[in-house]
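Below is one structure, written out as structure tokens; the observations come after it.
Numbers restart at 1 for each chain; the letters A, B, ... are given by sequence-line order, proteins then strands.
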Amino acid sequence: MQELVKRASELLADGSVARVLGWKAGDLPYNPEPAYFENEEQLRSFVYNGFCGANLSKYMIEASKLEGKTLVFLKPCDTYSFNQLMKEYRVDREKAWIIGVGCRGKLDIEAVKRSGIKGIESISEEDGELKIKTLYGDHSISYAEAMLERCHSCKGKEHRVYDELIGESEETNDSERFAGVTEIEAMSPEEKFAYFQKELSKCIRCNACRNVCPACSCRKCVFDSNKFDSAQKANTDSFEEKMFHIIRAFHVAGRCTDCGECSRVCPEGIPLHLFNRKFMKDIDELYGEFRAGEDAETKGPLTDFTFEDAEPGVVAERG
Amino acid sequence: MYKIKTENLTALFQKIAGHQELYLPVRNAGQVNYANWSDEAEVDLNVLNTVKSPKDAFFPQSENLYTCKRDGKKITIEPEQLKSQNFVIFGMRSCDLKGVEVLDKVFLEDPLDTFYAARRDHGTIVAMACNEPEETCFCKAFGIDAAEPNADVATWMAGAELYWEPLTEKGEALTEMVRELLDDGSEEAVEEMKTNIRRIIAKLPYSDLSMDGWNGEVLDEKFNSELWDELYKPCLACGTCTFVCPTCQCYDIKDYDTGNGVQRYRCWDSCMYSDFTMMAHGNNRTNQMQRFRQRFMHKLVYFPANNDGMYSCVGCGRCVAKCPSSLNIVKVVKAFQNQGGEQ
Amino acid sequence: MQRIGVFVCHCGSNISATVDVEKVAQMSLLEPGVVHAEDYQYMCSEAGQARITEAVKEKKLTGIVVCSCSPRMHETTFRNAAERAGINPYMVEIANIREHCSWIHKNIEEGTEKAIILARAAIAKVTLNAPLKPGESRVTKRALVIGGGIAGIQTALDIAEAGYEVDIVEKTPSIGGRMSQLDKTFPTLDCSACILTPKMVEASAHDKINIYTYSEVDQVSGFVGDFTVDIRKKARSINMDKCTGCGVCSEKCPSKKISSEFNRGLGKRSAVYTPFAQAIPNVPVIDRENCIKFKTGKCGICEKVCQAGAVDYTQEDEIITEKYGAIVVATGFDTIKLDDFDEYAYNQSKDVITSLELERVMNAAGPTKGHLERLSDGKAPKNMVFIQCVGSRDVTCRGKVYCSKICCMYTAKHAMLIRDKYPDVNVTVFYIDVRTPGKNFDEFYRRAVEEYGVNYVKGQVGKVAPQANGQLLVQAVDLLDNKQILMEADMVVLATAIEPEAGVRKIATMLTASIDTNNFLTEAHPKLRPVESPTAGVFLSGVCQGPKDIPETVAQAGSAAVKAIGLLAKEKLMTNPCTAKSDELLCNGCSTCANVCPYGAITYEDREVNDHGIREVRRIAVVNNALCQGCGACTVTCPSGAMDLQGFSNRQIIAEVDAICR
Amino acid sequence: MSHGKSQTQKMKEITGVDPYKCMKCGKCSATCPLFNEMDIKPHQFVSYVLNEDIDALVNSKSLWKCLSCFACIERCPRNVKPGKLIDGARQLVVRQRGADYLTPEDIPERLDPELPQQLLVSAFRRYRR
Amino acid sequence: MSITAKTEFKPKIVAFCCNWCSYAGADLAGSSRLSYPADVKIIRVPCSCRVNPMFVLRAFEKGADGVILCGCHPGDCHYSTGNYYTRRRMTLLFSMLDYIGVEQGRTRVEWVSAAEGVKFSTTMNEFVEKIHSLGENVRLGDLRCRN
């Protein structure tokens with residue numbers, strides 16, 4: 001972390017960048033927030049630890065409008081989002097100074113709390129174990145167990161776009177990316193319906209999934225505008241939950257980099273990545289392997305076609 | 001003071017639900033929220049904060065106001081029926097109770113919100129003391145006592161027993177209804193609980209949070225502070241904080257075209273949304289900083305200014321736990337404090 | 001609020017037999033916005049239309065719904081009627097209650113109910129209609145033809161004959177193209193040069209035709225009727241105005257060992273050269289890569305010998321910018337590379353040649369002066385083998401999946417010519433199928449077999465192996481005899497697959513004309529618009545669109561010319577008003593819409609917008625109404641809904657959906 | 001016939017050959033070094049599969065004449081790859097001789113320390129397909 | 001004994017037809033008097049690629065029991081490439097609907113040329129039959145539209 005601060009200070013000092021986009025220490029052991037730093041003084045509160053899960057790519061949309069370059073710290077998987085945003089002309093590469101930071105999986109405080117740990121006072125790490133002091137006694141949980149869902153299907157340790165790299169990364173992939181999707185696909189229609197009904201009925205339409213999503217970068221979302229008579233502020237009917245999540249997933253299909261931010265931020269813990277990964281799996285199977293954000297050039301699968309594409313009837317044929 | 005063995009709680013719920021609707025914290029797909037009790041419902045009284053606050057019971061996220069029906073060129077209007085059945089809401093915490101008090105200030109003042117008033121009239125609140133407060137709690141800063149839930153009925157969970165104390169007429173009535181399931185309980189056990197709870201609260205990381213400098217008089221100073229320009233930056237403009245908040249009360253009124261008519265309904269709005277208070281001419285808050293500022297100014301300055309110093313934050317800590325960018329009201333309060341310190 | 005009139009047609013009894021038309025009118029009156037409804041015997045008749053115009057005036061209608069036959073039948077009729085009545089023609093919607101209702105349903109209750117719903121949907125749509133006005137754009141009365149082969153020459157001549165200016169851009173030093181390399185042409189066996197040269201001369205002499213040889217298209221912008229094209233005239237190093245074409249420079253040039261492109265590498269040329277004797281213009285170019293003067297700074301002989309003083313080493317590339325109303329692509333073809341087909345030993349033996357090389361060998365002006373001889377030792381061949389489908393109909397990565405179409409016929413031609421001129425040479429043709437559709441084509445092929453004794457064997461050749469004695473051992477199969485054949489040949493001729501000229505992809509990209517996986521330009525419709533590209537104002541001539549022979553090429557050249565003339569003859573272009581439109585406040589500028597636009601109608605501008613008080617410069621999609629054909633692909637790909645289609649807007653379609661599902 | 005059908009199906013599964021892709025150009029036969037030794041010629045293999053007469057293929061001389069030089073596979077312009085059919089027919093024979101499949105459990109008892117690893121892998125591949 | 005009259009299920013079916021092929025195919029079915037159930041109502045769109053997944057969901061929201069899209073055969077699109085995009089979009093959308101438990105048969109894409117009046121009619125007959133077998137759409141509608 002000190003290395004990051006040192007490099008950021010250097011670049012600020014020599015005028016290479018006008019500001020730094022990173023994470024600022026929080027007031028609890030696990031709540032650092034995305035923040036801008038403009039001088040060394042401010043950088044004192046800079047932090048980079050296991051809880052810096054936030055993907056800063058999307059902030060670069062606004063940062064691209066500012067004067068001068070912005071130094072941004074991107075983890076390997078965040079760089080996919082940056083590439084995709086570049087492809088869509090939403091961020092300006094010229095305005096970004098990308099330092100690829102090392103990542104060995106990011107932590108999910110919800111995962112910690114799910115294990116029954118509450119009243120957290122401090123968290124430290126020893127040999128792949130998180131040692132947690134709480135008001136109600138000491139606990140420990142393995143690092144892997146406390147990782148965000150997305151880190152279990154890590155895209156790898158390679159940064160797809162950067163100016164310089166600092167730190168080592170580890171691949172934390174320990175489960176099959178499409179396992180969750182496959183499991184649902186194997187259900188009967190009734191079970192599928194019940195599963196999603198149950199999950200989606202929790203949705204409070206806070207739009208956190210949408211607003212955090214680097215692919216949902218529309219200036220005005222269709223669900224906020226009257227273009228389709230589609231403005232909704234609440235899921236007044238259970239149909240509206242489905243409508244919102246299907247359309248959202250469809251709009252990001254072929255553009256979603258599987259950064260997992262939607263599932264990370266959902267206050268109701270809805271596994272939203274299951275929607276996006278369904279499209280990814282279908283795209284991979286029907287149109288060939290595709291990973292959005294691997295580069296900033298390749299045509300997306302929904303703006304492309306081949307003469308031999310499968311017919312929509314394939315859905316029924318697959319059973 | 002009464003008590004009931006926790007193993008008999010199901011019988012208690014069954015009994016209540018036999019007479020009235022019963023809302024209580026239920027675990028569904030991994031998350032606990034207030035929901036209607038049923039035999040299958042997985043009740044979870046251990047969870048401190050439900051994801052959504054229980055304000056839904058009185059001020060639902062969306063509710064119909066009236067329905068217009070079209071028959072040819074004839075239009076008829078049917079107003080929505082007000083709540084007319086009694087119901088019980090079980091398990092509210094002190095902070096959420098205070099939240100209802102805040103809502104009362106808004107909806108029960110003139111002009112009276114009849115939908116809200118009807119629900120308040122028909123609702124009996126059974127509250128629970130918080131025996132295991134968490135690091136996100138800061139109710140103490142608002143003078144709330146998590147050990148002393150002040151509702152129609154107050155309860156304390158102590159080991160294998162739930163202590164039960166009716167505090168109001170409604171509470172007495174409910175107690176009467178379930179009397180056969182209750183045993184007499186001693187005050188001492190409860191007092192010990194209370195001490196214990198207060199001891200933990202004193203140790204919480206936010207226990208020394210001070211609200212000094214936040215009141216109705218500091219409007220201009222706070223409103224014009226340059227700090228907002230920094231504070232809002234990580235905000236994603238989602239509505240999580242407002243939708244999990246027990247005191248946020250803003251709503252929007254919308255029409256839904258059913259094909260044969262229109263349903264006019266209201267639903268929660270969020271000051272974080274770009275179309276919040278959007279009017280024909282446009283919007284008087286044009287950027288996220290202004291919307292962000294609105295939320296905190298409302299809770300800590302405007303509301304106390306109009307309500308004898310009562311804040312419209314109750315320190316439940318939901319926004320602390322749920323903000324995707326880890327922003328929250330505590331960080332805002334502290335930021336202003338630190339700034340004050342530096343000056 | 002609209003004031004809508006609903007007009008229900010009986011269509012004699014075609015509709016009224018299964019639809020209670022009166023009831024449809026009555027029920028329509030109950031819909032919001034409808035202020036008038038009536039039914040009539042024949043709405044499309046003079047009297048019927050008059051009722052519409054009257055009602056418009058009397059009831060001050062702003063929108064019209066006609067419940068009648070298919071809009072494909074009478075939409076225009078009713079739009080014209082509306083216009084006569086003084087309202088915008090696009091304020092008319094048709095409910096198809098004949099083809100889609102009365103004709104397919106027998107039960108009158110069912111029919112009536114459905115007709116009411118269809119009317120309701122049309123009413124819901126027209127409520128949201130907005131007046132639309134076709135745009136106008138001007139037409140530059142000048143055409144550009146890219147490619148100076150027979151296709152380009154013919155197209156240019158036809159356009160010029162109609163009185164319009166035409167420019168031909170040809171990348172080689174002379175026009176003439178592939179046809180100028182051919183010796184004889186099938187099925188008449190007349191000499192290629194004899195029929196091509198007059199056309200070349202005619203084109204160069206035509207006062208409406210301007211030829212840019214040794215030139216390439218650099219950049220294209222604009223749209224149908226108004227293209228702007230940059231043409232790069234490469235430095236020729238010879239002043240075209242001064243040169244007399246005497247040829248002394250080529251004669252004296254000391255650098256003479258350069259492989260001749262025109263002779264497919266079988267002959268040599270000098271560094272300053274005209275590709276062939278009849279070249280037009282008859283002005284040489286200096287091939288700077290091989291010129292001693294350019295390589296070393298010494299020499300300069302050509303300048304010294306040129307009496308006209310035309311040699312100019314300082315010439316530079318020149319960019320000419322010109323405006324055109326129409327562009328015809330006639331870029332032609334080349335044969336594929338045979339490097340991957342090592343079984344035919346093309347790279348190992350000089351005596352294995354392609355058919356195009358054989359053309360040069362057979363040509364009196366070619367490397368062997370027209371004598372059929374082996375290129376390795378100059379001996380006259382005794383046994384010749386022709387192999388068909390070399391790289392054609394081949395799905396592997398080596399070849400092309402399509403049939404090259406011309407090979408069967410030219411091979412028959414070659415076989416016949418050889419047997420005619422050298423009766424003692426045995427000719428064997430290995431084929432998979434012989435394809436001879438075309439006037440006098442099969443007769444021609446049969447003559448080769450029956451009159452000239454060409455030996456046709458059904459079966460592919462597996463291998464051609466050069467022997468120590470200079471012979472070529474051909475291993476093949478006779479599928480009809482079910483025997484493997486091993487035979488010695490003196491020469492082997494490969495009917496090599498043809499493919500579009502290499503530069504065509506770049507040109508297609510500049511023109512936003514679509515191109516298929518084989519690099520052939522795509523036609524707007526495979527049956528009904530075969531010479532138009534989907535990009536308005538761009539037409540296709542010759543093999544760039546697909547394999548074809550000379551008569552077909554000339555025919556297509558003519559029809560491409562007619563299409564271009566049809567365009568140039570217009571003073572102004574009326575554009576379809578149902579085009580896409582981007583809402584600048586919603587547009588993200590993400591370019592997704594441009595990716596799916598088949599017409600290249602969407603471009604992006606950095607534009608200052610005022611978004612409810614926020615002023616900023618944003619990248620915004622802009623639709624060119626002259627190019628947009630209104631398919632709507634962009635509207636669905638746009639996530640924010642910024643892109644909408646006029647006349648079929650999101651809200652209009654949703655209103656129809658709602659009305660039907662009500 | 002049903003026997004033929006299932007055999008054909010099996011053949012297609014094993015080889016992945018789609019006989020409908022063949023355009024009957026004869027390149028395979030033209031290119032085959034053992035053409036004259038064969039009773040069923042390479043270009044005919046495809047027809048036998050099309051006609052669901054796998055037995056004839058299995059009982060043919062060609063089956064054991066083929067050198068597996070794969071020239072026909074290499075040169076086939078339609079990706080039909082007739083040589084694979086021979087390979088497939090041979091496997092059918094192998095499988096018919098019982099011991100249809102080799103299972104991982106069989107390996108230890110057959111294991112000879114001298115056996116090259118590669119042989120095991122390829123045998124496994126072949127008998128498990 | 002009381003008999004409750006069970007109202008006959010009358011499905012609501014929305015058919016989006018492209019102007020150039022399928023709408024004309026439907027016209028041909030009409031002029032050839034090839035009948036299909038009146039439950040099918042056609043909406044004309046310029047190209048099948050104009051059909052937004054939002055329209056399909058909207059139809060279900062408002063009470064449709066089935067939605068079918070018809071366009072030119074691949075390769076015959078009036079706009080050359082429109083239906084190729086449709087094909088991908090709808091394949092993914094239908095797969096998603098299947099994934100969340102909506103019955104597969106409620107959505108369909110069929111390519112119908114202007115000459116295929118018979119195909120249009122058979123397709124519609126089949127589709128209506130399928131919807132009958134599936135019954136009313138209860139999984140993907142907005143209840144507010146039911147009264």
- Item | Nearest heavy-atom neighbours spanning E:F16 and C:I653 | CE2-CG2, 3.9 Å
- Query: With only heavy atoms counted, which part of C:A122 is less than 4.5 Å from chain E, the side chain, the backbone, both or neither?
  - Reply: neither
- Does any heavy atom of chain E fall under 4.5 Å from the side chain of C:N14, the backbone, both, or neither of them? side chain
- At what distance, to the nearest 0.5 angstrom, does CG of E:L28 lie from OG of C:S70? 11.0 Å
- Of the listed E:S121, E:A59, E:G82, E:C18, the one with the largest count of heavy-atom pairs under 4.5 Å with chain C is E:A59
- Task: Measure E:Y23 against the heavy atoms of chain C and call it side chain, backbone, both or neither at under 4.5 Å.
- Result: both
- Task: Compare every heavy atom of E:G30 with every heavy atom of C:W103, then report the nearest pair and how far apart it is.
- Result: CB-O, 3.3 Å
- Just how far is it from atom OG1 of C:T637 to atom CZ of E:R89, taken to the nearest 0.5 Å? 5.0 Å
- Query: Where is the tightest heavy-atom contact between E:Y85 and C:A633, given as atom of each residue plus distance?
  - Reply: CD1-CB, 4.5 Å
- Query: In terms of heavy-atom pairs under 4.5 Å with chain E, which of C:G647, C:C69, C:G632 leads?
  - Reply: C:G632
- Item | Contacting region of E:A29 [heavy-atom separation from chain C under 4.5 Å] | backbone
- Proximal component of C:R98, with respect to chain E [non-hydrogen, under 4.5 Å]: neither
- Does any heavy atom of chain E fall under 4.5 Å from the side chain of C:E523, the backbone, both, or neither of them? neither
- Task: Counting only heavy atoms closer than 4.5 Å, note whether E:Y36 contacts chain C via side chain, backbone, both or neither.
- Result: both
- Query: chain E heavy atoms under 4.5 Å from C:D516: which part of the residue, side chain, backbone, both or neither?
  - Reply: neither
- Message: For the CD1 atom of C:I654 and the CD atom of E:E61, what is their distance to the nearest 0.5 Å?
- Response: 9.0 Å
- Could you look at C:T635 and say if it's the side chain, the backbone, both or neither that has a heavy atom under 4.5 Å from chain E? both
- Between C:L645 and E:P46, the two heavy atoms sitting closest are CD2-CG, 3.5 Å
- Item | Part of E:K12 lying under 4.5 Å from any heavy atom of chain C | side chain
- Message: With a 4.5 angstrom heavy-atom cut-off, is it the side chain or the backbone of C:L118 that approaches chain E, or both, or neither?
- Response: side chain
- Task: Please look at E:V45 and chain C and tell me whether the side chain, the backbone, both or neither of the residue comes under 4.5 angstrom of a heavy atom of that chain.
- Result: both
- Can you list the steps and then say if C:N96 with E:D27 is a side-chain contact (heavy atoms from CB on, under 4.5 Å)? CA-CA 9 Å; C:N96 183 345; E:D27 280 358; 3.1 Å; yes
- Item | Contact class of C:S649 relative to chain E, heavy atoms under 4.5 angstrom | backbone
- Query: Given a strict heavy-atom distance threshold of 4.5 Å, which part of E:S31 is in contact with chain C: side chain, backbone, both, or neither?
  - Reply: both
- With only heavy atoms counted, which part of E:R44 is less than 4.5 Å from chain C, the side chain, the backbone, both or neither? both
- Let me know if C:K527 has heavy atoms under 4.5 Å from chain E in its side chain, its backbone, both or neither. side chain
- Item | C:A121, part contacting chain E, at a heavy-atom distance under 4.5 Å | neither
- Message: If you compare all heavy atoms of E:A38 against all heavy atoms of C:K114, which two are closest, and at what distance to 0.1 Å?
- Response: O-CD, 3.4 Å
- Query: In terms of heavy-atom proximity below 4.5 Å to chain C, should E:V51 be classed as side chain, backbone, both, or neither?
  - Reply: backbone
- Task: Look up atom CZ in C:R529 and atom OG in E:S80, then write down how far apart they are to the nearest 0.5 Å.
- Result: 8.5 Å
- Task: Please step through side-chain contact (heavy atoms from CB on, under 4.5 Å) for the pair E:R50 and C:N650, ending with a clear verdict.
- Result: CA-CA 9 Å; E:R50 177 67 190 90; C:N650 291 325; 2.7 Å; yes
- Message: Any non-hydrogen side-chain atom of E:K41 less than 4.5 Å from a side-chain atom of C:R120?
- Response: no
- Message: Show the nearest heavy-atom pair for residues E:P53 and C:V636, with the distance to one decimal.
- Response: CD-CG1, 3.7 Å
- Tell me, side chain or backbone of C:S102 under 4.5 Å from chain E's heavy atoms, or both, or neither? neither
- Supply the atom-to-atom distance E:I42 CD1 to C:E656 CD, rounded to the nearest 0.5 angstrom. 11.5 Å
- Value rounded to 0.5 Å, distance of CZ in C:F648 from CD1 in E:I43: 11.5 Å
